[in-house]
Amino acid sequence: MARAQIEIDLSAIAANVRKVINETKVDVCAVVKADAYGHGLVSIAQVATDAGAKWLGVALLEEAITLRTHGLSIPIIAWLTPLTEDFDSALRHDIDLGVSSIALLEKVMAAGERTGITPRIHVEVDTGMTRGGVLNEWPVFLKKVSAATLSEKVELVGFFSHFARADEPQELANEMQLKKFTNLLSELKATGVTPKYLHFANSAAALSNPNATFDFVRLGIAMYGLSPDVKTMGSSKELGLIPAMTLRAKLHLVKQVPAGAAVGYGGSAITTVETKVGVVAMGYADGIPRNADNSTGVFFNGDRAPILGRVSMDQFVVDLGLNSKAITGDEVIVFGAGNVGEYTIDDWASASTTINYEIVTRIASRVPRIYNR
Ligand SMILES: *Cc1c(COP(=O)(O)O)cnc(C)c1O
């Protein structure tokens, strides 16, 4: 092994996809934006497709085109395309486009005229998140998108929205968003057009809200085996999900230090007893959060070794304990599924006051990914 590597259990991804298909009884759109949440765009798209996902979802057009050039042929939706994007290229690669403004609709239609290819669009409506989606433009947008559909200038493939608080299943806000979605859909249908597919649910809604699954769910974090929110929805294990990512690293150095040793920049940690420290060959440039505290660390030979002091750019220090058998060059688990006692991605998230989504997506591309089937 190099100084550090990520191992991805592809069978875990497949199991998570199949579980959600079985439980929701609807199709899955595998969300593989941001390099498949750090797991590797093409490999994850391939295994999700093999496991039965019928759609792929990405944010950026370049992510969608990469999937096409690697031979993935199922429908791909790209929902974050600035007006300056090359929409001709999007249409030539048969990419479905999320559309959430009049300006974007016009750009996409212009590309359709230039290329002679009818754009496949998914209209995104803002039902309460106040992020993407049509809101104030709706009355005018409605007329334009309806006319464009009736005259076959676009194909209205989808109609969708996104939850702000799906990880709080009891929140009334979710019901309000669904109600608004249904109302906007009725207005659209009243103009004489019907979208082929309705989609709304992210992982949290897919796992908790049968009223939100519609024709397919857009499955991100749960496909990677992680809980949308451990506090409100339970852990991966409680949800029956299998975390796919394990991060291993080498101990660049192991040495014995006396009590009273100040560790790392700022000397923010001071050893209370004589101990052995390990220098882990990863740092914040690899995506290890600089603000991770000593409630997390690494796992070696049956023992947890908490972080000592601040994480540096390329390394951080852990307290192995005086009796540790670790020596320079040994391998540790930074995080994994938690089956053998190692820290989990959720442990790292809470130790850094962030969410598991950020822990996995921030692991740098300089850390190689290895795939296990
Ligand atoms: C990222 C994203 C998803 C997936 O969300 P998860 O919480 O990871 O399941 C679904 N829909 C849209 C529009 C997204 O941007």
Side-chain angles (χ1 to χ4, degrees), residues 13 16-17 19-21 23-24 26-39 41 44-45 48 53-61 63-64 75-82 95-101 104 121-135 157-169 171 174 177-178 181 197-209 212-234 236 239 241 243-245 345-346 349 354-362:
I13 302 279
N16 296 328
V17 169
K19 173 195 158 66
V20 172
I21 294 173
E23 286 182 4
T24 59
V26 298
D27 281 338
V28 157
C29 170
V31 178
V32 291
K33 64 192 180 189
D35 200 27
Y37 291 39
H39 293 64
L41 175 66
I44 299 302
K54 293 281 186 281
W55 298 78
L56 294 167
V58 291
L60 312 181
L61 183 55
E63 296 171 325
I76 303 174
I77 315 169
W79 52 67
L80 209 85
T81 52
I95 312 295
D96 292 16
L97 296 164
V99 173
S100 56
S101 70
L104 184 54
I121 67 165
H122 296 243
V123 167
E124 181 182 6
V125 287
D126 181 359
T127 54
M129 176 142 176
T130 324
R131 197 181 64 177
V134 182
L135 187 69
V157 179
F159 185 75
F160 77 107
S161 192
H162 192 58
F163 285 112
R165 305 182 69 175
D167 54 353
E168 302 165 273
E171 273 301 323
N174 295 309
Q177 283 197 255
L178 279 171
F181 187 67
Y197 300 94
L198 307 177
H199 48 108
F200 204 145
N202 55 4
S203 294
L207 295 170
S208 67
N209 191 347
T213 51
F214 295 101
D215 292 311
F216 60 84
V217 296
R218 301 187 305 268
L219 193 68
I221 200 74
M223 176 169 67
Y224 305 100
L226 300 173
S227 169
D229 187 315
V230 175
K231 283 205 188 76
T232 57
M233 303 195 61
S236 300
L239 289 168
L241 300 168
M245 185 187 281
I345 291 162
D346 288 311
T354 184
I355 53 175
N356 51 23
Y357 292 76
E358 189 179 356
I359 298 294
V360 289
T361 52
R362 62 183 288 156

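Remember, it's 1-based here, ligands and their atoms both numbered in the order they're listed. This structure is a prediction, so every number in the text was calculated from the model and none was measured. Basis for what follows: all heavy atoms, side chains included, without hydrogens, waters or symmetry-related copies. Starting from 1, each residue takes its place in the sequence as its number.
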Inset, instruction - Around atom 9 (O) of ligand 1, find the nearest protein heavy atom and jot down its residue, atom name and distance. - result: Ser203 OG, 2.5 Å
Legend entry - Any residue meeting side chain to side chain contact (heavy atoms under 4.5 Å, CB included) with Val157, in chain and number order, not counting sequence neighbours: Trp55, Asp96, Arg120, His122, Glu155, Tyr197
Inset, instruction - Can you see which heavy atom on Leu41 is nearest to which on Glu63, and at what distance? - result: CD2-O, 3.7 Å
Inset, instruction - Under 4.0 Å, heavy atoms only, figure out whether ligand 1 is touched by the backbone of Trp79, its side chain, both or neither. - result: side chain
Legend entry - atom 4 (C) of ligand 1 [closest protein heavy-atom partner, distance rounded to 0.1 Å]: Tyr37 OH, 3.4 Å
Legend entry - is_close_aromatic(Phe214, Phe160), centroid dist under 6.0 Å: no
Legend entry - Check: Asp346 side chain, Ala349 main-chain N or O, donor-acceptor pair, under 3.5 Å: no
Inset, instruction - Look up atom CD in Glu171 and atom OG1 in Thr232, then write down how far apart they are to the nearest 0.5 Å. - result: 10.5 Å
Inset, instruction - Could you find the nearest protein heavy atom to atom 15 (O) of ligand 1 and give me its residue, atom name and distance? - result: Lys33 NZ, 2.6 Å
Inset, instruction - Measure His162 to ligand 1 on non-hydrogen atoms and call it side chain, backbone, both or neither using the 4.0 Å cut-off. - result: side chain
Inset, instruction - Tell me which one of Leu226, Ile221, Ile355, Val32 gets a heavy atom nearest to atom 6 (P) of ligand 1. - result: Ile221
Inset, instruction - May I ask you to identify the nearest protein heavy atom to atom 7 (O) of ligand 1, giving residue, atom name and distance to one decimal place in Å? - result: Tyr357 OH, 2.6 Å
Inset, instruction - Tell me which protein heavy atom sits closest to atom 11 (N) of ligand 1, plus the residue, atom name and distance to 0.1 Å. - result: Arg218 NE, 2.8 Å
Inset, instruction - Could you tell me whether Leu219 and ligand 1 have an N or O pair separated by under 3.5 Å? - result: no
Inset, instruction - Could you tell me if the ring centre of His39 sits under 6.0 Å from that of Tyr224? - result: yes
Inset, instruction - Kindly give the heavy-atom pair with the smallest separation between Asn174 and Glu168, and that separation in Å. - result: ND2-O, 3.1 Å
